[in-house]
A.B. asks: 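A single structure is presented below for examination.
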2 protein chains.
Amino acid sequence: MQTQQNDFKHHISQRYNEELEEVRTRFLSMGGLVELQVEDALHALLDLDSVKAVAVQEKDILVNQKEIEIDAELVRILALRQPAASDLRMVMAVSKSITDLERIGDEAVKVGRMAEDLTREGESPRGYMEVRHIGAQVRLMLRDALDAFARLDIEQALTVIQADADIDLEYQSAMRTLMTYMMEDPRYMTRVLNVLWVLRALERIGDHARNICEQIIYMVNGADIRHTNIAHIEYSLLKQRPSSQSDRKET
Amino acid sequence: MQTQQNDFKHHISQRYNEELEEVRTRFLSMGGLVELQVEDALHALLDLDSVKAVAVQEKDILVNQKEIEIDAELVRILALRQPAASDLRMVMAVSKSITDLERIGDEAVKVGRMAEDLTREGESPRGYMEVRHIGAQVRLMLRDALDAFARLDIEQALTVIQADADIDLEYQSAMRTLMTYMMEDPRYMTRVLNVLWVLRALERIGDHARNICEQIIYMVNGADIRHTNIAHIEYSLLKQRPSSQSDRKET
């Protein structure tokens, strides 16, 4: 009997582990889809490729579906498995982070729409260099954020949080340049404004990538570092070594 | 012995109910604070009152703190009480909705900053009527959303979701008007652009109020209606009567 019961326990535990692993995989797969949305949106804009702009919107339906599916799975795990410690933190971090992923998708859709407008009404005389530059950085942030999630890498998560501060500054500077340009030559104002909206969407994508990284740090370390100054974050994370998976509750 | 054990059980259950009730109260208190932020931000802008603009930022520190505290309490309840059914949905809905509340606070801070800019650099010649109008509607949406949460009122939540669609249209129309104005008279472009950013922030506050109402419907009804067409939502909610608190698990 004892053996059978142990086997059963082992089975439950194994199945539970698989479920947690599957949530992680699904999150990363949703992330991969959102990465493609951002990539397509930028191509649509920079290469005046309206096919790519449509692709962004098509992928958005899938992304939204994945958000709902993952949330349902998280609630199922909470109800049936009653996760504790790092497992519970993982569930809550994924619950928060899929909202950010979905909103990155929404911002990509906005960029796609601006790309369609600019393809139809003619290119903006300015701003593409800024979009290319900030776009590349934001794509890297998103990739690094997903990579940090996959590898539970706090240091990489911190790098993304730092990168967000840089992007905010570059965004401010790009905005000033384009506003000065519009005032000097208001003929193409509508087109330049479209590029301004694109830059704003990119800046927000950076914010969402940062949010995901804050959740990664919470998941791995248990520290809620939202609304905390970056210098303080680094100090407190250096003081406190990351807790390993060893506090995982086996059911 | 039996009686004692029952008493103990009753005690646990009562304490648990109190904890859930306290989370609801804290959520509404955070909501009240965010409502004040939006109110102050609009006053700062429309009455050129820079004291109010500072007040918005001061309240933001409290709002951020409340977000972190409520999330910590939710994780504590999940770990110790293992809520099920409608209790679990309430915990998850609050977890998602406090993110929206906090971001409404962020948008209010942005409006406050624009108000400071406009107070310093001079008023915009246009756009205040639109801000007044959309601002009043968005404040009403937020109030109704919090009210729907307090009363678990699905119908009111649906009204807010519908109002968001109206506001999106009014926002688009206001944007076109102001862009036309800027093209005709680019002298005050910077100031008018500040008002454009304010309108965008207000529109986003409406989006967040809508998100909260989607969570209310999930909490009361168990239906995840995100990314669903409003006509479909009404149809499926009419088909399915809201599940009451009767499926609450008593521990």
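Below, chain A is the first sequence line, B the second, and so on; all start at residue 1.
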A.B. asks: Name the member of A:Leu196, A:Ile61, A:Leu193, A:Val91 that forms the most heavy-atom pairs with chain B at distances under 4.5 Å.
C.D. replies: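 Option with the top pair count is A:Leu193.
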
A.B. asks: Less than 4.0 angstrom from a charged side-chain N to a carboxylate O is my criterion; do A:Asp106 and B:Arg204 meet it?
C.D. replies: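 So A:Asp106 does not pair with B:Arg204 through a salt bridge.
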
A.B. asks: Give the interface residues of residues 206-214 of chain B toward chain A, defined by a heavy-atom separation under 4.5 Å.
C.D. replies: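 Result: B:His208, B:Asn211.
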
A.B. asks: Report, in residue-number order, which members of residues 71-79 of chain B are under 4.5 Å from chain A by heavy-atom distance.
C.D. replies: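 So far as heavy atoms go, B:Asp71, B:Val75, B:Leu78, B:Ala79 are the residues that approach chain A to under 4.5 Å.
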
A.B. asks: Side chain, backbone, both or neither: which part of B:Met189 has a heavy atom under 4.5 Å from chain A?
C.D. replies: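 Side chain only.
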
A.B. asks: Measure A:Tyr218 against the heavy atoms of chain B and call it side chain, backbone, both or neither at under 4.5 Å.
C.D. replies: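 Looking at A:Tyr218, just its side chain touches chain B.
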
A.B. asks: Using every non-hydrogen atom in the two residues, find where B:Ser95 and A:Met92 come nearest and quote the distance to one decimal.
C.D. replies: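 Of all heavy-atom pairs spanning B:Ser95 and A:Met92, the closest is OG-CE, 3.7 Å.
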
A.B. asks: Using non-hydrogen atoms and a 4.5 Å limit, figure out which bit of B:Ile225 sits close to chain A: side chain, backbone, both or neither.
C.D. replies: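 Neither part.
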
A.B. asks: Can you name the nearest heavy-atom pair linking B:Arg200 to A:Lys110, along with the distance?
C.D. replies: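 The pair with the smallest heavy-atom distance is NH2-CD, 4.0 Å.
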
A.B. asks: Let me know if A:Arg103 has heavy atoms under 4.5 Å from chain B in its side chain, its backbone, both or neither.
C.D. replies: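 When you check distances to chain B, only side chain atoms of A:Arg103 fall under 4.5 Å.
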
A.B. asks: So for A:Asp185, is it side chain, backbone, both, or neither that comes closer than 4.5 Å to the heavy atoms of chain B?
C.D. replies: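 Neither part; nothing is under 4.5 Å.
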
A.B. asks: Grab the two heavy atoms, one from A:Thr99 and one from B:Lys96, that are nearest each other, plus how far apart they are.
C.D. replies: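 Taking A:Thr99 first and B:Lys96 second, the nearest heavy atoms are OG1-NZ, 3.2 Å.
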
A.B. asks: So which of B:Gln65, B:Arg187, B:Glu102 has the largest heavy-atom pair count under 4.5 angstrom toward chain A?
C.D. replies: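 Greatest number of close heavy-atom pairs with chain A: B:Glu102.
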
A.B. asks: Say you draw a straight line from CE of A:Met182 to CE of B:Met183; how long is it, rounded to the nearest 0.5 Å?
C.D. replies: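 That separation rounds to 10.5 Å.
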
A.B. asks: Around atom OH of A:Tyr188, are there more than 12 heavy atoms of other residues, nucleotides or ligands at under 6.0 Å?
C.D. replies: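 At most 12 heavy atoms, drawn from other residues, nucleotides or ligands, come within 6.0 Å of this atom.
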
A.B. asks: If every non-hydrogen atom of B:His227 is compared with every non-hydrogen atom of A:Ile68, which pair is closest and at what distance?
C.D. replies: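 So the two residues come closest at CD2-CD1, 4.0 Å.
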
